[in-house]
Amino acid sequence: LSSTQPHPFRMSTRWIVIDGAPSSGKTTVVHALQRKGLRIIPEVARAFAEMELARGKPLEEVRGDPRAFQGAVIDLFVERERRLPPADTLVLDVGLPGCSAYVRLHKLEGLPDPLAAHIHRYNHVFLFDRLPFEEDHVRTENEAMAIFLDQAIEDAYCRLGDPPTRVPVMDVEERAAFVISHLPLLQSPLPQRSS
């Protein structure tokens with residue numbers, strides 16, 4: 001993926017992205033932002049995994065084949081962002097570019113490149129510093145993978161020319177306040193295209 005060039009004509013949006021490695025507290029803060037009145041868009045990978053688990057599939061079947069799982073997730077991310085209105089103020093729990101970190105982690109050559117497929121420019125990207133790693137019912141990563149993903153996700157946004165703002169470890173309300181403090185930028189006019 002190192003030679004990937006971003007899409008030459010990227011559409012500006014008013015979307016705010018909360019991203020980070022597994023177990024960085026993203027979703028908890030996204031829900032806190034929702035309680036403060038912001039419109040959120042849930043994480044695609046987790047929603048997909050939970051839907052498959054609810055159908056009775058074991059986690060090993062849902063996530064046991066990284067190529068099949070990441071391929072499906074990338075397709076869902078592309079479709080989600082294609083359908084979202086660029087002029088709406090939205091908080092996205094993870095953005096499409098972060099998928100490239102998982103492609104790198106699992107060395108999944110031949111999958112569609114998330115960075116090449118990314119045709120939007122986010123208003124702001126926040127990258128959450130990691131919390132102590134915790135396993136859960138849909139997570140297959142471990143501490144070492146989370147350390148790799150933290151840097152690889154940051155690299156993905158930087159390669160697109162959208163360096164993220166790091167959000168340090170704080171309590172949930174402080175992290176939500178940190179994000180909100182950057183939101184006045186949304187009041188500026190939305191250009192039609194940027195490159």
Side-chain angles (χ1 to χ4, degrees), residues 1-7 10 15-30 40-53 57-82 84 91-122 125-167:
L1 294 177
S2 59
S3 63
T4 298
Q5 294 297 315
H7 195 280
R10 294 170 61 206
W15 305 343
I16 308 301
V17 174
I18 306 294
D19 216 326
S23 200
S24 58
K26 304 179 299 292
T27 301
T28 304
V29 173
V30 167
I40 69 165
I41 305 297
E43 182 187 355
V44 168
R46 176 169 290 272
F48 174 67
E50 289 180 344
M51 180 181 67
E52 294 296 290
L53 291 172
K57 293 183 180 179
L59 184 61
E60 300 75 35
E61 183 180 342
V62 175
R63 297 204 58 183
D65 180 352
R67 177 174 297 279
F69 181 77
Q70 292 302 327
V73 166
I74 291 168
D75 288 345
L76 289 168
F77 264 103
V78 170
E79 181 63 17
R80 177 187 79 168
E81 295 196 4
R82 187 183 71 78
L84 294 176
V91 177
L92 280 59
D93 189 346
V94 180
L96 171 61
C99 293
S100 71
Y102 290 85
V103 173
R104 288 176 59 193
L105 173 70
H106 296 292
K107 300 178 173 61
L108 302 175
E109 299 299 328
L111 280 183
D113 188 335
L115 299 189
H118 184 59
I119 63 169
H120 297 95
R121 182 176 293 281
Y122 302 127
V125 178
F126 295 93
L127 183 63
F128 278 37
D129 285 344
R130 295 187 318 106
L131 300 171
F133 188 81
E134 293 182 7
E135 296 182 0
D136 71 13
H137 68 288
V138 299
R139 198 171 280 153
T140 58
E141 297 82 14
N142 57 35
E143 178 81 14
M145 291 177 174
I147 291 169
F148 173 89
L149 289 167
D150 176 74
Q151 189 58 59
I153 291 168
E154 182 172 28
D155 290 347
Y157 288 102
C158 288
R159 281 163 48 209
L160 286 171
D162 297 328
T165 300
R166 280 272 182 182
V167 180

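Fair warning: this is a prediction, and the values are worked out from it, not measured in the lab.
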Full working for side chain to side chain contact (heavy atoms under 4.5 Å, CB included) between Val103 and Ile74: CA-CA 10 Å; Val103 173; Ile74 291 168; 3.9 Å; yes
Distance, nearest 0.5 Å, that separates CG of Asp65 from CD of Gln70: 10.5 Å
Lys26 side-chain N/O to Ala21 backbone N/O, donor-acceptor pair under 3.5 Å: yes
Between CD1 on residue Ile147 and CG on residue Asn142, distance to nearest 0.5 Å: 9.0 Å
Distance-minimising heavy-atom pair for Cys99 and Phe77: SG-CD1, 3.3 Å
Heavy-atom side-chain contact between Asp162 and Val17 under 4.5 Å: no
Separation of Arg159 CZ from Ser100 OG (nearest 0.5 Å): 5.5 Å
Results of side-chain contact (heavy atoms from CB on, under 4.5 Å) for Ala45 - residues two or more places apart only: Glu43, Phe69, Val73
Spacing of CG belonging to Asp113 relative to CG belonging to Leu108, to within rounding of 0.5 Å: 12.0 Å
Donor-acceptor contact below 3.5 Å, side chain Ser23 vs main chain Arg130: no
Check: Val94 and Val44 side chains under 4.5 Å, non-hydrogen atoms: no
Non-neighbouring partners of Val30 that pass side-chain contact (heavy atoms from CB on, under 4.5 Å), sequence neighbours left out: Ile18, Ile40, Val91, Asp93
Any side-chain heavy-atom pair of Asp19 and Tyr157 under 4.5 Å: yes
Main-chain N/O of Leu149 paired with Arg104 side-chain donor or acceptor, under 3.5 Å: no
Minimum heavy-atom distance Arg80-Pro42, with the two atoms named: NH1-O, 2.9 Å
Qualifying residues under salt bridge (charged side-chain N to carboxylate O under 4.0 Å, His left out), relative to Asp150, sequence neighbours excluded: Arg166
Side-chain touch Leu92/Leu84, heavy atoms, less than 4.5 angstrom: yes
Spatial distance of atom CD (Glu109) from atom CZ (Arg67) [nearest 0.5 Å]: 8.0 Å
Over all atoms of both residues, closest heavy-atom pair of Phe133 and Ala146: CD1-CB, 3.9 Å
Residue pair Gly95 / Tyr122: nearest heavy atoms and the distance that separates them: CA-OH, 3.6 Å
Side chain to side chain contact (heavy atoms under 4.5 Å, CB included), paired with Pro97, selected from Leu160, Ile153, Asp155: Leu160
